[in-house]
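Before any comments, here is the structure.
Reminder, nothing fancy here: chain letters follow the sequence lines and each chain counts from 1.
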Amino acid sequence: MPELPEVETVRRGLAPLLVGRRVTGIDVRDGRLRRPVTRRGLGPLRGARVLAVRRRSKYLLVDTDAGRTLLLHLGMTGHLRVDDAGRPEAPHTHVVFRLDDGRELRFSDPRRFGMVELIPNDRLEQHPRLAGLGPEPLEASLTGALLHAATRGRRKPVKNLLMDTRTIAGIGNIYACEALYRAGLHPRRRVGRVDAAGWDRLVEALRAVLNEALGAGGTTRRDFLNAEGEPGYFAVSLRVYDRKGKACRRCGTLIRRIVQAGRSTFFCPGCQR
DNA sequence: AAATGAACCTGTTTGC
DNA sequence: TGCAAACAGGTTCATT
């Protein structure tokens, strides 16, 4: 489900509901996630107060005054929702954090690709999931020049590079396709054959599409919902993703679907070279 | 070293 | 209509 704009949308929804709250209890209904979750492992969170909710790549970090940070990942189908205790739960609700205001933070995830982990702060930066992440695309540290320099002589397709979180954080299948379309780059183009101007265009296109998606509250194709249970509205603005066989809005060429590294890629053969 | 493919799961859509 | 195959917003491990 969630790429950077969706995770950031969830973060913005969660922050005002969680910051300042105290965790009064934790229920693990089904701990079989990507890594096993246990009530014991989350135990130190009991009584902790939430200081902040941050995002890094597609991870959410809930800082607490217990010297530990709750690391959350939504995988493909994960949801985080704050709701009044007693309200009906979504199916596949695996972990529930009870709060001191009568509400609950609920993590649900049908496919169980998501992650819930409590990490001591002094080990947070070295954590294997966070160490080695590339720059945030909406921050100034990501530049076309950086990508140009990093890709000389390499042969990886540019679409696959965009989705490699060690190079750029937070880009998934939808926004990789959309950014390449806006930059006029063919998804199979080898990274070593993209020139400096091409990388500049790509970074600019990436920022534009991510910011527009953020403004729309993210993309809901199947089941993305924010912390209040509402969908995002960027799906209507997608120009290539999931538009196989439809006409390109700019040149009329039919959008094609190919498979790269096991993932669908959508592109316009007329606009992308 | 770098790139691809399979695996992890369940639910929904597509195609015969 | 019914069933099976394909596919889904992600990450990680094994294999070329």
Distances under 3.5 Å between protein N/O atoms and the N/O atoms of nucleotides 11-14 of chain C, please, pair by pair.
from: C:dT11; atom 1: OP1; to: A:H73; atom 2: NE2; distance (Å): 2.7
from: C:dT11; atom 1: OP2; to: A:K58; atom 2: NZ; distance (Å): 2.9
from: C:dT11; atom 1: O3'; to: A:R34; atom 2: NH2; distance (Å): 3.3
from: C:dT12; atom 1: OP1; to: A:R129; atom 2: NE; distance (Å): 3.1
from: C:dT12; atom 1: OP1; to: A:R129; atom 2: NH1; distance (Å): 3.2

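- A:L214 and A:L206 fall within a single hydrophobic cluster, where Ile, Leu, Val, Met, Phe, Trp and Tyr side chains are chained together by heavy-atom contacts under 4.5 Å.
- Listed by chain and residue number, A:D83 satisfy the salt bridge (charged side-chain N to carboxylate O under 4.0 Å, His left out) test with A:R87 (two or more places apart in sequence, or in another chain).
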Problem set entry | Candidate pair A:E8 and A:R11, rule salt bridge (charged side-chain N to carboxylate O under 4.0 Å, His left out), full reasoning | CA-CA 5 Å; A:E8 178 63 19; A:R11 188 199 70 75; 3.0 Å; yes
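- Counting to the nearest Å, the C1' atom of C:dG10 and the CG atom of A:L72 are 15 Å from each other.
- Using a 4.0 Å cut-off between charged side-chain N and carboxylate O, A:E104 and A:R81 make no salt bridge.
- Between A:H92 and B:dG11, a side-chain N or O to OP1/OP2 separation shorter than 4.0 Å is present.
- Nucleotides of DNA chain B nearest to A:R111 and A:Q260 differ in position, and the one nearer the 5' end is that of A:Q260.
- Across all strands shown, A:T220 has heavy atoms under 4.0 Å from base atoms, whether or not it also approaches the sugar-phosphate.
- Stem analysis of DNA chain C (Watson-Crick or G-U pairs, both distances under 3.5 Å, runs of at least three) returns B:2-8 with C:10-16, B:10-16 with C:2-8.
- What separates CZ of A:R222 from C1' of C:dC7 is a distance of 8 Å, to the nearest Å.
- A:L99 is not connected to A:L51 by any chain of hydrophobic side-chain contacts under 4.5 Å among Ile, Leu, Val, Met, Phe, Trp and Tyr, and they are in different clusters.
- Atom CG in A:D223 sits about 19 Å away from atom P in B:dC9, given to the nearest Å.
- Atom C1' of nucleotide C:dG10 and atom CG of A:L60 are separated by 14 Å, given to the nearest angstrom.
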Grab the N/O contacts between the protein and nucleotides 14-16 of chain B below 3.5 Å, and write none if there aren't any.
none

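- Here C:dA8 presents its P atom at 16 Å from CD of A:E6, a figure rounded to the nearest Å.
- Under 4.0 Å is where a charged nitrogen must lie from a carboxylate oxygen, and between A:E117 and A:R129 no such pair does.
- Of all the heavy atoms in A:N121 and A:T69, the pair that sits closest is OD1-OG1, 2.7 Å.
- A straight line from CZ of A:R257 to C1' of B:dT13 spans 13 Å, rounded to a whole angstrom.
- B:dG5 and C:dA6 have their P atoms separated by 16 Å, with the value rounded to a whole Å.
- Residues A:I258 make up the rest of the hydrophobic cluster containing A:F267, defined by ILVMFWY side-chain heavy atoms closer than 4.5 Å, directly or through other members.
- Put simply, A:L80 and A:L61 are part of two different groups of oily side chains (I, L, V, M, F, W, Y) that touch within less than 4.5 Å, one to the next.
- Residue pairs meeting the ring-ring contact (aromatic ring centres under 6.0 Å, His included) criterion with at least one partner in residues 10-49 of chain A, sequence neighbours excluded, do not occur; the list is empty.
- The OH-C1' distance, from A:Y175 to C:dG10, rounds to 15 Å in whole Å.
- Linking ILVMFWY residues whenever their side-chain heavy atoms come closer than 4.5 Å, directly or via other members, places A:L74 and A:V82 in the same cluster.
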Pair up each side-chain donor or acceptor in residues 192-199 of chain A with any protein partner under 3.5 Å, not counting sequence neighbours, and list the distances.
from: A:D195; atom 1: OD1; to: A:A197; atom 2: N; distance (Å): 3.3
from: A:D195; atom 1: OD1; to: A:G198; atom 2: N; distance (Å): 2.7
from: A:W199; atom 1: NE1; to: A:V194; atom 2: O; distance (Å): 3.2

Review item, nucleotides 1-3 of chain B N/O atoms under 3.5 Å of protein N/O:
from: B:dA3; atom 1: OP1; to: A:R155; atom 2: N; distance (Å): 3.2
from: B:dA3; atom 1: OP1; to: A:K156; atom 2: N; distance (Å): 2.8
from: B:dA3; atom 1: OP2; to: A:R154; atom 2: NH2; distance (Å): 2.8

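- Environment of CD in A:Q126: crowded, with over 12 heavy atoms of neighbouring residues, nucleotides or ligands closer than 6.0 Å.
- Pairs of residues two or more places apart, or lying in two chains, that qualify as ring-ring contact (aromatic ring centres under 6.0 Å, His included) and include a residue from residues 38-67 of chain A are A:Y59-A:H73.
- Within residues 231-239 of chain A, no residue places a heavy atom under 4.0 Å from DNA chain C.
- Partners of A:F97 under the ring-ring contact (aromatic ring centres under 6.0 Å, His included) rule, at least two apart in sequence or in another chain, do not exist in this structure.
- Between A:A261 and A:R112, the residue anchored nearer the 5' end of DNA chain B, judged by the nucleotide with its closest heavy atom, is A:A261.
- Residues passing the salt bridge (charged side-chain N to carboxylate O under 4.0 Å, His left out) test with A:E228: none are found, sequence neighbours excluded.
- A:T77 and A:R111 are not linked by any side-chain donor-acceptor pair at a separation below 3.5 angstrom, with hydrogens and angles left out of the test.
- Taking atom CG of A:L33 as the reference point, atom C1' of C:dG10 lies 14 Å away to the nearest angstrom.
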